[in-house]
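The sequence lines fix the lettering, A, B, ..., with proteins before strands; numbering per chain opens at 1. Predicted, not measured: the structure shown is a model, and the values here were computed from it.
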Amino acid sequence: MNQPLTLLQKIWNDHVVAQETGSPAVLYVDLHLVHEVTSPQAFAGLRQRRLRVRRPDKTIATADHSIPTHDRSLPITDEMAVRQIKQLEDNCREFGVALYGLGSPHQGIVHVIGPELGFTQPGRTIVCGDSHTSTHGAFGALAFGIGTSEVEHVLATQCLLQRQPKTYQVRIDGRLGPGVSAKDIILALIARIGVGGGTGHVFEYGGEAIGALGMEERMTICNMAIEGGARAGMVAPDDTTFQYLAGRPYAPQGARWDTALARWRQLPTDPGAIYDKSITLDAGALEPMITYGTHPGMGMPITSQVPDPGALSDPTQKAALDKALRYMALQPGHLLLGHPVDVVFIGSCTNSRISDLRLAAQLLRGRRVAPNLRVMVVPGSQEVKRQAEAEGLADVFRAAGAEWREAGCSMCIAMNGDQLLPGQYAVSTSNRNFEGRQGKGGRTFLASPLTAAATALSGTITDPRTLVN
Amino acid sequence: MPQFTTLTSRVAALPVNDVDTDQIIPARFLKATDKAGMGVHLFADWRYAADGSPRADFVLNQPQNQGAQVLLAGGNFGCGSSREHAPWALTGFGFRAVISTSFADIFCSNALKNGLLPVVVDAQTHRALFEMVEELPQMEVTIDLAGQTLALPTGQTVTFPIDGFSKSCLLQGVDELGYILGFEPQIAAYEQARVP
Ligand code: SF4
């Protein structure tokens, strides 16, 4: 009998082109996603070496990080952003890469459009010069972020040098309670294992609670695998996956769909396969989560008190918490509930899909956001934007007093002018609360779309369970 | 890629854990379209005051650290984004090696591709190093990549792990792309076999 294999091992084995003893494997890449920030130096490298893009048909590009999310008919005022976007357009034209750029009806955050267009498929290896490439693992793909040198490698050869990562089984048993969503699962996991907890590993999420999640929620959980130190997160493909994919523009059609489906059904981890590490969480015990510090591991249930550095014995941990609380200007022992905020940001590749917007709209419908509060809703793609407008969600947001913007990364990374001012507090549905991530001196609380919407209504950090039943 | 064989240098100490790449180089500097010139933005938000003047209390601005080519950092260095701008900024500033107890995966891979050596030491050595730098800011360490050793001023030598393949790339100053290109026939055969 064959040795039982994990999902990761099956995909890995299927993509090793060559492997010399002692060297990393030459791993084939099925899909390469490109964006404006991490690719210019890679294309420049190709030009220098007089190389072509080996498989333009397996490469797609979009502009998402540095583009403005205001009215697209207005000119872009940031000259460097203009240059970067123009560079991407020129590179794509010169090297024959399909670009879903500004003006394309499919433009959007790279990790939103890949799945949406059906490029993201089970069993594929997917890379992008962006750490949140882990998002695509929700489909049972091996998807991870790479650096710009590696972007150049993949452009030139469609391959990467990689060592096989270890496997980390993350079981989420039970069912989520009302007001608790996928974002809370991943924030709870990271709070538990720490931001370095998954280093060298790939998470494979499973268990009852994961099976019950839709594809977009699975993407939220895989998206933040990197925040737990893992380069990738995966969920075994199942009927939820196949239903999502069926009929997508670049998903296989007809007889090829049937062949693909038969192949995809072989992917889930075999019974008896061994993981290098395992952890189990109980979904039923989870509460809405919020971060209080300056990395995603500094998170807690929303009803908890800010931890006290004085209670920590490890001096470096104590120093880290001290530094974080000083940056956040928070007092140990205090509740975050009721803490005033200046901005609520609903968006990013973590939580800007239609299901996220539906959750937020559900709380905002027929209500007004707090006065003097800036609430930004930034859809992940033009497609999400159209859908939200068709469903009337955009009207809900606008009527509530929120800004309804164009698709892009926006205040998740604050490269495009959407940013916090020094000292401002934001509840954000994005994935990183690092110092200055959302604008120099800005302070970020990471939370779910439900928590963000509940906070938007009161202007202070609010437990969404007080509004949903 | 720049070669790395041995290095003797003073050490700049940054005793902060989980330093993310947004701190190493904030996102607003990522709009550049080439690799050069990132060094001045290294740790920009920690290094400069609001008016752009250097903060005297930040480690890289202290006179004894000018010219240091080794950064001694806290655990889990380089977490967060995949931006290769982080090693470009570090090498642009003049660093050739970073010592820590652990590195985030993508950072480590990016660093190795830019001649920046990640040196992993155990917690005890790590602590001892911070103490030594504190006591004797002018002290030097010597890193020998071939022997995978880090020599401390006390005369003590510790070994560090490194992937054998990356090590030989660094020692010879060759980059990975050439290696992968050598597999062209295998890549073509693989593609051929997979066409449905
Ligand atoms: S939304 Fe944020 S995390 Fe996602 S790709 Fe854009 S910048 Fe990166």
**Q.** Minimum side-chain heavy-atom gap A/D78-B/K31 below 4.5 Å
**A.** yes
Q: Can you measure from CG (A/N91) to OG1 (B/T33) and round to the nearest 0.5 angstrom?
A: 9.0 Å
Q | Which atoms of A/Q84 approach chain B - backbone, side chain, both or neither, heavy atom under 4.5 Å | A | both
Q: With a 4.5 angstrom heavy-atom cut-off, could you sort out which part of A/A81 is near chain B: side chain, backbone, both or neither?
A: both
Q | Contact check, side chains of A/S131 and B/I106, non-hydrogen atoms, under 4.5 Å | A | yes
Q: Measure distances from A/V16 to the heavy atoms of chain B and classify the residue's part below 4.5 Å as side chain, backbone, both or neither.
A: backbone
Q: Among A/L161, A/L155, A/L51, find the residue that satisfies the side-chain contact (heavy atoms from CB on, under 4.5 Å) test when tested with B/L177.
A: A/L51
Q) Looking at B/F107, B/F29, B/F165, which has the largest count of heavy-atom pairs under 4.5 Å with chain A? A) B/F165
Q.
With chain A as the partner, which of B/D175, B/D18, B/I180 has the greatest number of non-hydrogen pairs under 4.5 Å?
A. B/I180
(Q) Is it the case that atom NZ in A/K166 sees more than 12 heavy atoms from other parts of the structure closer than 6.0 Å? (A) no
Q | Residue part contacting chain A, namely of B/Q186, when any heavy atom lies under 4.5 Å | A | both
Q) Heavy-atom distance under 4.5 Å to chain A: side chain of B/A188, backbone, both or neither? A) both
Q: Name the option with the most non-hydrogen atom pairs under 4.5 Å to chain A; the candidates are B/G80, B/S166, B/A44.
A: B/G80
Q | Shortest non-hydrogen contact from B/Q23 toward A/F434 | A | NE2-CB, 3.7 Å
(Q) Any donor-acceptor pair under 3.5 Å linking the side-chain atoms of A/E20 with those of B/Y179? (A) yes
Q. Between A/F43, A/Y28, A/F144, which shows the greatest number of heavy-atom pairs under 4.5 Å with chain B?
A. A/Y28
Q. Given the options A/H15, A/H65, A/K323, which has more heavy-atom pairs under 4.5 Å with chain B than any of the others?
A. A/H15
Q) Roughly how far apart are B/R127 CZ and A/T316 OG1, rounded to 0.5 Å? A) 8.5 Å
Q) Do A/R54 and B/E191 meet the salt-bridge criterion of a basic N to acidic O distance under 4.0 Å? A) yes
(Q) Whether the side chain of A/R231 engages the backbone of B/D105 through a donor-acceptor N/O pair (distance < 3.5 Å, no angle test) should be reported. (A) no
Q: Considering non-hydrogen atoms only, spot the tightest contact between B/A50 and A/K440 and give its length.
A: CA-NZ, 4.4 Å
Q: Give, as side chain, backbone, both or neither, the part of A/I226 having an atom under 4.5 angstrom from any heavy atom of chain B.
A: side chain
**Q.** Engaged part of A/H132 at the chain B interface, taking heavy atoms whose separation is under 4.5 Å
**A.** neither
(Q) Tell me which one of B/E84, B/K35, B/E176 satisfies side-chain hydrogen bond (donor to acceptor under 3.5 Å, both in side chains) with A/S149. (A) B/E84
(Q) Side chains of A/D30 and B/R194, heavy atoms from C-beta outward: is any pair under 4.5 Å? (A) yes
Q | Max heavy-atom pair count under 4.5 Å with chain B, selected residue of A/Q87, A/R83, A/E227, A/E150 | A | A/E150
Q. Hey, what do you get for CZ (A/R432) to OG (B/S81), rounding to the nearest 0.5 Å?
A. 5.5 Å
Q.
What part of A/V26 gets within 4.5 angstrom of chain B, counting heavy atoms only: side chain, backbone, both, or neither?
A. side chain
(Q) So B/D20 and A/H295, do their side chains get closer than 4.5 Å, heavy atoms only? (A) no
Q: Examine whether an atom of B/A86 lies under 4.5 Å from a heavy atom of chain A, and if so say whether it belongs to the side chain, the backbone or both; otherwise answer neither.
A: neither
(Q) Less than 4.5 Å to any heavy atom of chain A: does that hold for the side chain of B/S109, its backbone, both, or neither? (A) side chain
Q. Quick one: of B/D45, B/V16, B/I187, who has the most non-hydrogen atom pairs under 4.5 Å with chain A?
A. B/I187
Q.
Is a donor from one side chain sitting under 3.5 angstrom from an acceptor on the other, for B/W46 and A/E435?
A. yes
(Q) I'd like to know which of A/S66, A/G200, A/A44 tops the heavy-atom pair count under 4.5 Å against chain B. (A) A/G200
Q: Determine the option with the most heavy-atom pairs under 4.5 angstrom with chain B, choosing from A/R49, A/E152, A/Q158.
A: A/R49
(Q) Can you tell me which of A/S39, A/C128, A/G147 forms the most heavy-atom pairs within a distance under 4.5 Å of chain B? (A) A/G147
Q. Using a cut-off of under 4.5 Å for heavy-atom pairs, which of B/T21, B/D34, B/N114 has the most such pairs with chain A?
A. B/D34
Q. Considering all heavy atoms of both residues, which atom of A/D14 and which atom of B/Y190 are nearest to each other, and what is their separation?
A. O-OH, 2.6 Å
